[in-house]
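The structure appears right after this line, and notes come after that.
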Amino acid sequence: MATIKAKSYRDAEEMLQSGISKVELAYDIDSDDFFRFASHWCDRGAKISRGHEHFVVSLKGLTIPPNE
């Protein structure tokens, strides 16, 4: 499984929403954006780990979001 590099917050969101299961956050993400991103995607089953240089977001299959 190849890791795709996102160059912005928006890129990362679009990639994950389109079904790419492993995205490297290859940009300078500030703490507010990181925690907002982590909260949103971890609620949907994503795992965030520290890569060699950047954080990597992994989705383990399609999850159904809660009814809100």
Side-chain angles (χ1 to χ4, degrees):
M1 173 181 352
T3 302
I4 307 298
K5 292 186 179 193
K7 299 295 183 185
S8 69
Y9 185 94
R10 185 176 182 173
D11 280 351
E13 286 278 331
E14 289 174 357
M15 288 177 188
L16 291 166
Q17 288 174 358
S18 73
I20 296 172
S21 62
K22 198 166 188 182
V23 175
E24 181 177 342
L25 305 179
Y27 62 96
D28 188 23
I29 187 168
D30 67 32
S31 60
D32 289 340
D33 282 344
F34 176 81
F35 287 112
R36 184 175 337 121
F37 187 89
S39 175
H40 177 80
W41 285 102
C42 289
D43 285 349
R44 287 156 180 77
K47 303 261 188 227
I48 300 176
S49 59
R50 182 78 173 143
H52 293 293
E53 295 181 35
H54 303 103
F55 291 103
V56 176
V57 183
S58 302
L59 285 174
K60 299 285 187 193
L62 185 63
T63 59
I64 299 173
N67 289 334
E68 296 180 18

(request) Sequence neighbours left out, what passes ring pair (Phe, Tyr, Trp, His ring centres under 6.0 Å) with Tyr27? Give chain and number order. (result) none
(request) Not counting sequence neighbours, which residues clear side chain to side chain contact (heavy atoms under 4.5 Å, CB included) with Glu53? List them please. (result) none
(request) Supply the atom-to-atom distance Ser39 OG to Arg44 CZ, rounded to the nearest 0.5 angstrom. (result) 8.5 Å
(request) To the nearest 0.5 Å, tell me how far Leu16 CG sits from His40 NE2. (result) 8.5 Å
(message) Among residues at least two apart in sequence or on other chains, which ones pass side chain to side chain contact (heavy atoms under 4.5 Å, CB included) with Asp28?
(response) none
(message) Restricting to side chain to side chain contact (heavy atoms under 4.5 Å, CB included), what partner residues turn up for Ala6, sequence neighbours left out?
(response) Asp11, Ala12, Met15, Val23
(message) Please report the interatomic distance CZ(Arg36) to CG(Asp30), rounded to the nearest 0.5 Å.
(response) 7.5 Å
(request) State which residues pass side chain to side chain contact (heavy atoms under 4.5 Å, CB included) with Arg10; sequence neighbours excluded, sorted by chain then number. (result) Ser8, Glu14
(request) Identify whether Val56 and Leu25 are in the same connected component of the hydrophobic contact network (ILVMFWY, side-chain heavy atoms under 4.5 Å). (result) no
(request) Go through the structure and list residues passing ring pair (Phe, Tyr, Trp, His ring centres under 6.0 Å) with Phe35, not counting sequence neighbours. (result) none
(message) Ignoring hydrogens, what is the shortest heavy-atom contact between Gly45 and Leu59? Give both atom names and the distance.
(response) C-CD2, 4.4 Å
(request) Taking all heavy atoms of Ala26 and all of Lys7, pick out the closest pair and write down the distance. (result) O-CD, 4.0 Å
(request) Could you tell me how the ring of Phe55 sits relative to the ring of Phe34: parallel (under 30°), tilted (30 to 60°) or perpendicular (over 60°)? (result) tilted
